[in-house]
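Accompanying notes for the structure given below.
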Amino acid sequence: MHHARRPMSVSALAVLATLTLASCGLSSSPSQEEGAAAESAAPQQEVNEELAASLPAEIKEAGVIRLATDPNYPPFETVADDGKTIVGLDPDIAHAVADILGVEIEFVETSFDGIIPAIEAGKVDMAMSSIGDTKEREKTVDFATYYWNGTLVLVKKGNPEGIAADQACGVSIGVIRGSLQQNTFLPAQTPKCEEAGLEPPTSQAYQNGPQAQLALKSGRIDGVMLDAPPLLDAAKKSPDEFETVGPLVRNPNPGGVAFPKGSELVEPVNEAINLLIEDGTYAEILEKWTLTDIAIEKSEINGAIE
């Protein structure tokens, strides 16, 4: 079932951009300690018998959904101080969806660039790891959308290279391997730089955000281009080392839960997300992680426009 979708409003984008420049708002997501303590703060959901009955037979039998995630992406997902509990926005939503479907969630730690291959190979049932829904990705996986996002650049305090998120000419930018920033947003700057008579940016790919941030800290790269929330989180936690720079480049597509192509799990999860939106639990979870500006109005199956 496909649902109408409305992009993040101009006012919401303005708020996010303002929060970015002010280094507050989204940047004030809970710490790992707070996240671990609040892991079960989302209200327990009642089982929806109709949706539970619509699950694929193998999942009903196992009582478990295997979910791939890269837990190096706070506040979306990170490992708490106990070294094993995965906390964040995505785990909270995943647990709430699982409640509605009458099953448990089994997290499968997977590097970001290995998530879609793991889905295609049948190693997991679905994935949540701030994955952008795109027309290209929809060729191999299906999505149930649950947030909007935007891109910023993390730089050293004071922005010594004068980098902007929409123009990073002549500098070295770290990206996550397999990300939209690596494959779409940073390459799009090359013609702009060349037209201005400047060298295009060079790309350095890393497995995860912490690796890229370490490279920035040690001076091996000049900036890290990534989704806004984790960069704001990093700037908040290390205000004497890092800051974020805009302008916010809005992702043209929503982000979503990813599934094997044609999976019977897509519609139950899509409907469960919409139940969470309708009863206010979704808004409560977003507020908990200070991510209200990425909210969608309704989950859609395969909602990419580009």
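From a predicted model like this one, the values you see are computed outputs, not experimental measurements. We number each residue from 1, following the sequence as shown. Atoms considered below: every heavy atom in the structure, side chains included; atoms not considered: hydrogens, waters and symmetry mates.
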Apply side chain to side chain donor-acceptor pair (under 3.5 Å) to Gln207 and Asp113, showing your working. CA-CA 7 Å; Gln207 284 297 111; Asp113 62 331; 3.3 Å; yes
Nearest heavy-atom pair of [X] and [Y]: which atoms, and what distance?
{"X": "Thr78", "Y": "Pro74", "result": "CB-CB, 4.0 Å"}
{"X": "Ser130", "Y": "Asp90", "result": "N-OD2, 3.4 Å"}
{"X": "Gln181", "Y": "Met225", "result": "CG-CG, 3.5 Å"}
{"X": "Leu89", "Y": "Ile294", "result": "CD2-CD1, 4.1 Å"}
{"X": "Gly256", "Y": "Tyr147", "result": "N-CE2, 3.8 Å"}
{"X": "Ala127", "Y": "Ile119", "result": "CB-CD1, 3.7 Å"}

I would like to know whether Ser299 and Asn270 meet side chain to side chain donor-acceptor pair (under 3.5 Å); could you show each step before the answer? CA-CA 6 Å; Ser299 177; Asn270 167 245; 2.9 Å; yes
Side chain to side chain contact (heavy atoms under 4.5 Å, CB included) evaluation trace for Leu55 with Val103: CA-CA 10 Å; Leu55 289 174; Val103 294; 3.8 Å; yes
Would you check if [X] and [Y] make a side-chain contact, meaning some heavy-atom pair closer than 4.5 Å?
{"X": "Leu226", "Y": "Tyr73", "result": "yes"}
{"X": "Ile176", "Y": "Gln182", "result": "no"}
{"X": "Gln167", "Y": "Leu198", "result": "yes"}
{"X": "Asn302", "Y": "Lys135", "result": "no"}
{"X": "Val108", "Y": "Lys123", "result": "no"}
{"X": "Asn48", "Y": "Leu275", "result": "yes"}
{"X": "Asn274", "Y": "Lys298", "result": "yes"}
{"X": "Trp148", "Y": "Ile296", "result": "yes"}

In the single-linkage hydrophobic clustering (I, L, V, M, F, W, Y; side-chain heavy atoms under 4.5 Å), do [X] and [Y] co-cluster?
{"X": "Phe185", "Y": "Val245", "value": "yes"}
{"X": "Phe242", "Y": "Leu152", "value": "yes"}
{"X": "Ile273", "Y": "Val47", "value": "no"}
{"X": "Ile86", "Y": "Ile115", "value": "yes"}

I'd like to know if the side chain of [X] and the backbone of [Y] have a donor-acceptor N/O pair within less than 3.5 Å.
{"X": "Asn253", "Y": "Ile305", "answer": "yes"}
{"X": "Asp222", "Y": "Ser172", "answer": "yes"}
{"X": "Glu271", "Y": "Glu267", "answer": "no"}
{"X": "Asp227", "Y": "Pro229", "answer": "no"}
{"X": "Ser263", "Y": "Pro260", "answer": "no"}
{"X": "Lys60", "Y": "Ala53", "answer": "yes"}
{"X": "Thr145", "Y": "Glu300", "answer": "yes"}
{"X": "Thr69", "Y": "Met128", "answer": "yes"}
{"X": "Glu138", "Y": "Ala304", "answer": "yes"}
{"X": "Tyr282", "Y": "Tyr146", "answer": "yes"}

Would you say [X] has more than 12 foreign heavy atoms packed within less than 6.0 Å of its [atom1]?
{"X": "Glu104", "atom1": "CD", "answer": "no"}
{"X": "Glu241", "atom1": "CD", "answer": "yes"}
{"X": "Glu120", "atom1": "CD", "answer": "yes"}
{"X": "Lys217", "atom1": "NZ", "answer": "no"}

Which residue pairs pass the ring pair (Phe, Tyr, Trp, His ring centres under 6.0 Å) test with at least one member in residues 100-124, sequence neighbours excluded? His95-Phe107
Only one of Asp133, Thr151, Thr134, Asn149 passes side chain to side chain donor-acceptor pair (under 3.5 Å) with Asn251; say which it is. Thr151
Does Glu77 form a side chain to side chain contact (heavy atoms under 4.5 Å, CB included) with Val87? I'd like the steps, not just the answer. CA-CA 5 Å; Glu77 46 265 315; Val87 298; over 6 Å; no
For residues 195-206, the side-chain hydrogen bond (donor to acceptor under 3.5 Å, both in side chains) pairs (sequence neighbours left out) are none
Hey, could you give me the [atom1]/[atom2] distance between [X] and [Y], rounded to the nearest 0.5 Å?
{"X": "Ile65", "Y": "Leu101", "atom1": "CD1", "atom2": "CG", "value": "5.5 Å"}
{"X": "Ile59", "Y": "Leu265", "atom1": "CD1", "atom2": "CG", "value": "4.5 Å"}
{"X": "Glu136", "Y": "Glu306", "atom1": "CD", "atom2": "CD", "value": "13.0 Å"}
{"X": "Asn208", "Y": "Ser179", "atom1": "CG", "atom2": "OG", "value": "12.0 Å"}
{"X": "Arg177", "Y": "Asp70", "atom1": "CZ", "atom2": "CG", "value": "12.0 Å"}
{"X": "Gln189", "Y": "Cys169", "atom1": "CD", "atom2": "SG", "value": "6.5 Å"}

So if I apply the side-chain contact (heavy atoms from CB on, under 4.5 Å) rule between Leu286 and each of Thr281, Asp293, Leu291, which one comes out positive? Leu291
Verify side chain to side chain contact (heavy atoms under 4.5 Å, CB included) between Trp289 and Asp92, making sure each step is shown before the conclusion. CA-CA 10 Å; Trp289 295 100; Asp92 278 1; 2.8 Å; yes
Would Thr190 and Glu194 satisfy side chain to side chain contact (heavy atoms under 4.5 Å, CB included), going step by step from the backbone distance to the final call? CA-CA 6 Å; Thr190 293; Glu194 292 176 342; 3.6 Å; yes
